[in-house]
Amino acid sequence: MSDQEKFEGFLQKLVDHNEHQYGEEARAKYGDERVNRSNAKVLNMSKEQFTELERLTEDLNETLKAAFEQGDPASELAQKACELHKRWLCFYWDDYSKEAHKGVTQMYVDDPRFTAYYDKISPGCAAFLRDAVAIYCK
């Protein structure tokens, strides 16, 4: 098996895992077409794009933590985290809207699975990101 085939298999496992965990509700909420487009976007990532996504995720989480520690969702650092989050979303979404951005961060607060992810960065981080994105998207 070539490195490219291994990488493609890795991406397929990511999509399969996401489908298993969130697929049914994502399809109910956003529709099959949108979920299929997102999955295709992941499956078509190059190694370079995936590496960029990993770096972006790290940068986002570090920036978000530092902004959270400052405590002001309107701060320059918090708004930088929002821009990084937007860039991160665009690795998965083929169209961006402020309403969708605000909606996804509200879901991070409403859904304990997502809250747990962000609150590992710092407890309360999911709500902080939601509040910062509300300002970012005005």
Side-chain angles (χ1 to χ4, degrees):
M1 183 180 289
S2 72
D3 285 346
Q4 182 60 32
E5 289 169 326
K6 289 177 188 174
F7 180 69
E8 289 167 2
F10 169 75
L11 292 177
Q12 185 63 57
K13 281 180 78 173
L14 287 177
V15 168
D16 291 347
H17 175 74
N18 194 57
E19 275 287 340
H20 177 73
Q21 278 205 285
Y22 310 109
E24 187 176 324
E25 62 194 283
R27 290 174 183 284
K29 188 170 186 171
Y30 303 110
D32 287 338
E33 184 181 335
R34 181 167 270 172
V35 173
N36 290 342
R37 285 194 320 255
S38 179
N39 287 344
K41 202 164 182 186
V42 171
L43 291 171
N44 290 316
M45 272 188 209
S46 68
K47 289 178 187 178
E48 293 77 18
Q49 288 170 314
F50 188 78
T51 299
E52 182 182 343
L53 175 60
E54 286 181 312
R55 276 191 293 245
L56 178 60
T57 302
E58 212 172 289
D59 192 20
L60 166 60
N61 291 348
E62 289 171 4
T63 303
L64 183 57
K65 181 177 176 139
F68 177 78
E69 289 170 356
Q70 287 183 347
D72 180 6
S75 72
E76 186 177 324
L77 197 55
Q79 294 305 295
K80 178 183 177 188
C82 295
E83 177 62 28
L84 293 170
H85 188 253
K86 175 185 175 181
R87 287 181 44 215
W88 182 87
L89 288 172
C90 289
F91 271 88
Y92 300 97
W93 295 358
D94 57 356
D95 58 343
Y96 171 85
S97 75
K98 290 179 178 183
E99 287 304 312
H101 196 176
K102 290 189 298 190
V104 78
T105 58
Q106 181 62 52
M107 181 190 66
Y108 294 166
V109 173
D110 294 342
D111 187 320
R113 297 169 297 182
F114 292 101
T115 302
Y117 172 83
Y118 283 96
D119 284 2
K120 279 183 193 171
I121 296 168
S122 282
C125 220
F128 180 84
L129 179 59
R130 178 208 51 210
D131 297 347
V133 166
I135 294 164
Y136 177 80
C137 290
K138 278 188 179 178

Worksheet entry | Partners meeting salt bridge (Lys or Arg N to Asp or Glu O under 4.0 Å) with Glu99 (sequence neighbours left out) |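 Partners of Glu99 under the salt bridge (Lys or Arg N to Asp or Glu O under 4.0 Å) test: Lys102.
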
Worksheet entry | For Tyr92, all residues meeting ring pair (Phe, Tyr, Trp, His ring centres under 6.0 Å), sequence neighbours excluded |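 Result, ring pair (Phe, Tyr, Trp, His ring centres under 6.0 Å) vs Tyr92: Trp88.
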
Distance from [X] atom [atom1] to [Y] atom [atom2], nearest 0.5 Å?
X: Thr51; Y: Leu56; atom1: OG1; atom2: CG; answer: 12.5 Å
X: Leu64; Y: Lys80; atom1: CG; atom2: NZ; answer: 12.0 Å
X: Leu53; Y: Glu58; atom1: CG; atom2: CD; answer: 11.5 Å
X: Gln49; Y: Leu11; atom1: CD; atom2: CG; answer: 10.0 Å
X: Asn61; Y: Ile121; atom1: CG; atom2: CD1; answer: 3.5 Å
X: Lys65; Y: Leu77; atom1: NZ; atom2: CG; answer: 13.0 Å

Hphob cluster co-occupancy, [X] + [Y], side-chain heavy atoms under 4.5 angstrom:
X: Val104; Y: Leu129; result: yes
X: Val15; Y: Leu89; result: yes
X: Ile135; Y: Phe128; result: no

Under 4.5 Å between any side-chain heavy atoms of [X] and [Y], yes or no?
X: Thr57; Y: Phe91; value: no
X: Phe50; Y: Leu14; value: yes
X: Val133; Y: Lys86; value: no

Going by the rule side-chain hydrogen bond (donor to acceptor under 3.5 Å, both in side chains), which residues pair with [X] if we only count those two or more places apart in sequence or in a different chain?
X: Gln70; answer: Ser75
X: Glu83; answer: Tyr136
X: Glu62; answer: none
X: Thr115; answer: none

Residue pairs fulfilling salt bridge (charged side-chain N to carboxylate O under 4.0 Å, His left out) with at least one residue in [range], sequence neighbours excluded:
range: residues 42-57; value: none
range: residues 35-44; value: Glu33-Arg37, Arg37-Asp94
range: residues 112-133; value: Glu25-Arg113, Asp111-Arg113

Which atom pair, heavy atoms only, marks the closest approach of [X] to [Y]?
X: Ala74; Y: Asp72; result: N-OD1, 2.9 Å
X: Tyr96; Y: Cys137; result: OH-SG, 3.7 Å
X: Pro73; Y: Gly71; result: CD-O, 3.6 Å
X: Cys82; Y: His101; result: O-CE1, 3.6 Å

Worksheet entry | Contact list for residues 23-42, test ring-ring contact (aromatic ring centres under 6.0 Å, His included), sequence neighbours left out |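 Sorted result for residues 23-42: empty, none.
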
Item to complete: Sequence neighbours left out, what pairs pass ring-ring contact (aromatic ring centres under 6.0 Å, His included) with at least one residue falling in residues 108-127?
Response: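 Passing the test, one end in residues 108-127: Tyr22-Phe114, His85-Tyr108, Tyr108-Phe114, Tyr108-Tyr118.
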
Worksheet item: Does Ser122 use its side chain to pair, donor to acceptor, with the backbone of Cys125 at less than 3.5 Å?
Response: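 Side chain of Ser122 to backbone of Cys125, a donor-acceptor pair under 3.5 Å: no, none is there.
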
Worksheet item: What pairs meet the side chain to side chain donor-acceptor pair (under 3.5 Å) rule with one or both residues in residues 8-18, with sequence neighbours excluded?
Response: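 Residue pairs with at least one partner in residues 8-18: Gln4-Glu8, Gln12-Asp16, His17-Gln21.
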
Fill in: Intermediate values then yes/no, side-chain contact (heavy atoms from CB on, under 4.5 Å), Glu19 and Val35
CA-CA 9 Å; Glu19 275 287 340; Val35 173; 3.4 Å; yes

